[in-house]
Trainee: 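Submitted below is the structure of interest, expressed as structure tokens.
Counting starts at 1 for both ligands and their atoms, following the listed order.
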Amino acid sequence: MKILTVVGARPNFMKAAPIIAAINEHNERISANGVGRGERSAQAIRHNLIHTGQHYDEFMSGSFFSDLNLPKPAVHLGVGSGSHAVQTAEIMKKFEEVLLTERPEVVVVVGDVNSTLACALVAAKISFDSAGSRPVIAHVEAGLRSFDQSMPEEINRILTDHVSDLLFVTEESGLQNLQNEGISPDKIHFVGNTMIDSLLTFKEKAETSTILDKLKLHANAGDNGDGKAICRYALLTLHRPSNVDNRSAFLNILDGLEELAADWPIVFPIHPRTRRRVQEFGLQSQLGLNGDEAKPDTAKSGRNFRNIILTEPLSYLDFLCLMKHAALVVTDSGGIQEETTCLGIPCVTVRESTERPITIERGTNVLAGTQKEKIRGAVRRQMTRKFCGQRAPEKWDGQAARRIVAALIRTHLESLSQQSLVPAIQRTLAIRK
Ligand code: UD1
């Protein structure tokens, strides 16, 4: 069986890495044990990683490959930034060529970014032969719904799910959503969360990060480096277009965090989109950004938001270390809501909706909306909360990727047995349109 896994943007890398690790594990088992007679499941999987290049900076992409032990992509499409239409179209054009050359039996897409939808669409419409066979499309993190179609990710989620053949779901709400949309239960597999697989794999290694020292977050660290108590700090991420592309919306959120900033330092790794808006809106001095420089100064303070510590976007291990030790996380990201739930860290989500309701049910996450009064109230409540001995959501146990690879092998075997019954109709795992 040949699988192509697609990554493109920052939140894809930690979701794809465990799947590649599980494929390698499968292959190592086979080379150690050999292939027994009649043991068709024990065939090695051929795998290639495809990077669309939606994200391209070292700190949005490159550093994740080393932190997560990802292999070098077999193909890099190098599409870069653009409008939604341009970016999606460029990925589609280039990915079609890759598919026709590689002719995989499975295409794995993860998450909800433009690369996810673009590659799923290409795979759904490709024809490898006169019978119209095409690869199986496996969507990892299927079924999540914010019910807000003004979010580009919601469009990507819905469309990707509806052209996929195997839908790997992270939480119960996903099962329900897919059933409500009429997707056949045969296609749906509740496997858990591969992003949490990565978190559990790298949680200890994140302790080797020196980011707390770099940002001077050790309360009593003396000159000789002893006394390593960590001070109470909050961690902030903001990059949703609806939050940062409009000056008054953005300022309103920052105002909502003023009280918090008066009590605790707020570490704010700034996304390139957000950094660009800070410059456009003339907020550099308030936020301690240096003029038109490409990179914000670390730990430089501004006039109005004195306690905000701006950094570049961080590597996976540095960010995980900061998240683990934060007293509070404020975010508009999807994945961070889940990671804080797993770590038992109080989180305030500055959005009107979430596609990850399990994080609210578990109590670690509150949905504050985007109005300053509501943000202030939610922050006040969450500042005093602690979640010790938090029970992880069902199947967030580090085994999701292994379940996915097992399901892919199972599907492959089923297709092979069908093929032996009707060889003219189905070629390997490829699906007939
Ligand atoms: C994308 C995803 C979003 C995800 C986010 C994580 C879509 C629709 N959105 O949003 O779901 O949460 O990634 O970061 O796919 N830029 C750089 N360097 C880079 C990449 C981007 O400077 O390596 C800048 C460019 O100016 C670009 C802007 O960031 O125009 C936005 O990048 P883009 O990929 O369009 O969307 P994100 O906001 O990152």
Trainee: Quick one, E96 and K125 - any side-chain contact, counting heavy atoms below 4.5 Å?
Mentor: no
Trainee: Before giving the answer on salt bridge (Lys or Arg N to Asp or Glu O under 4.0 Å), spell out for R240 and E352 the whole-Å C-alpha distance, their side-chain angles and the decisive distance to 0.1 Å.
Mentor: CA-CA 12 Å; R240 293 273 153 227; E352 301 295 343; over 6 Å; no
Trainee: At a 4.0 Å threshold, what atoms of ligand 1 neighbour a non-hydrogen atom of S81?
Mentor: 21 (C), 25 (C), 27 (C), 30 (O)
Trainee: Taking the six-membered ring for Trp, are the ring centroids of F65 and H51 within less than 6.0 Å of each other?
Mentor: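 Close enough - the centres of the two rings lie under 6.0 Å apart.
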Trainee: Which residue pairs pass the ring-ring contact (aromatic ring centres under 6.0 Å, His included) test when at least one of the two sits in residues 162-186, sequence neighbours left out?
Mentor: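 Counting only pairs at least two positions apart or across chains, the ring-ring contact (aromatic ring centres under 6.0 Å, His included) contacts touching residues 162-186 are F168-H189.
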Trainee: A side-chain contact here means heavy atoms from C-beta on lying under 4.5 Å apart; do Q382 and L328 qualify?
Mentor: yes
Trainee: Select one of side chain, backbone, both or neither to describe which atoms of E153 lie under 4.0 Å from any atom of ligand 1, heavy atoms only.
Mentor: side chain
Trainee: Just jot down the ligand 1 atoms closer than 4.0 angstrom to any heavy atom of M60, in number order.
Mentor: 14 (O), 19 (C), 23 (O)
Trainee: Heavy atoms only: which of Q87, H84, R273, H55 is nearest to atom 39 (O) of ligand 1?
Mentor: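 That would be H55.
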Trainee: Out of H239, H271, M151, who gets a non-hydrogen atom closest to atom 14 (O) of ligand 1?
Mentor: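 Ranked by closest heavy atom to atom 14 (O) of ligand 1, first place is H271.
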Trainee: Measuring from the heavy atoms of P11, does anything fall under 4.0 Å of ligand 1?
Mentor: yes
Trainee: Considering all heavy atoms of both residues, which atom of S315 and which atom of F64 are nearest to each other, and what is their separation?
Mentor: C-CZ, 4.5 Å
Trainee: Among D57, T52, N114, which residue places a heavy atom closest to atom 18 (N) of ligand 1?
Mentor: D57
Trainee: Taking the side chain as every heavy atom from C-beta outward, state whether E181 and R145 have any pair of such atoms under 4.5 Å apart.
Mentor: yes
Trainee: Heavy-atom distance under 4.5 Å between the side chains of I3 and V108, does that happen here?
Mentor: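 Yes. Closest side-chain heavy atoms under 4.5 Å.
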Trainee: Under 3.5 Å, N or O to N or O, is Q54 touching ligand 1 that way?
Mentor: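 It does: an N or O of Q54 is found under 3.5 Å from an N or O of ligand 1.
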Trainee: Show me which atoms of ligand 1 lie under 4.0 Å from any heavy atom of R276.
Mentor: 25 (C), 26 (O), 27 (C), 28 (C), 30 (O)
Trainee: Where on P241 is there a heavy atom closer than 4.0 Å to ligand 1, on the side chain, on the backbone, on both, or on neither?
Mentor: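 No part of P241 comes within reach of ligand 1.
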Trainee: Can you name the atoms of ligand 1, numbered from 1 with element, that are less than 4.0 Å from a heavy atom of P272?
Mentor: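 Matching atoms, with element in brackets: 16 (N), 17 (C), 18 (N), 22 (O), 24 (C), 29 (O).
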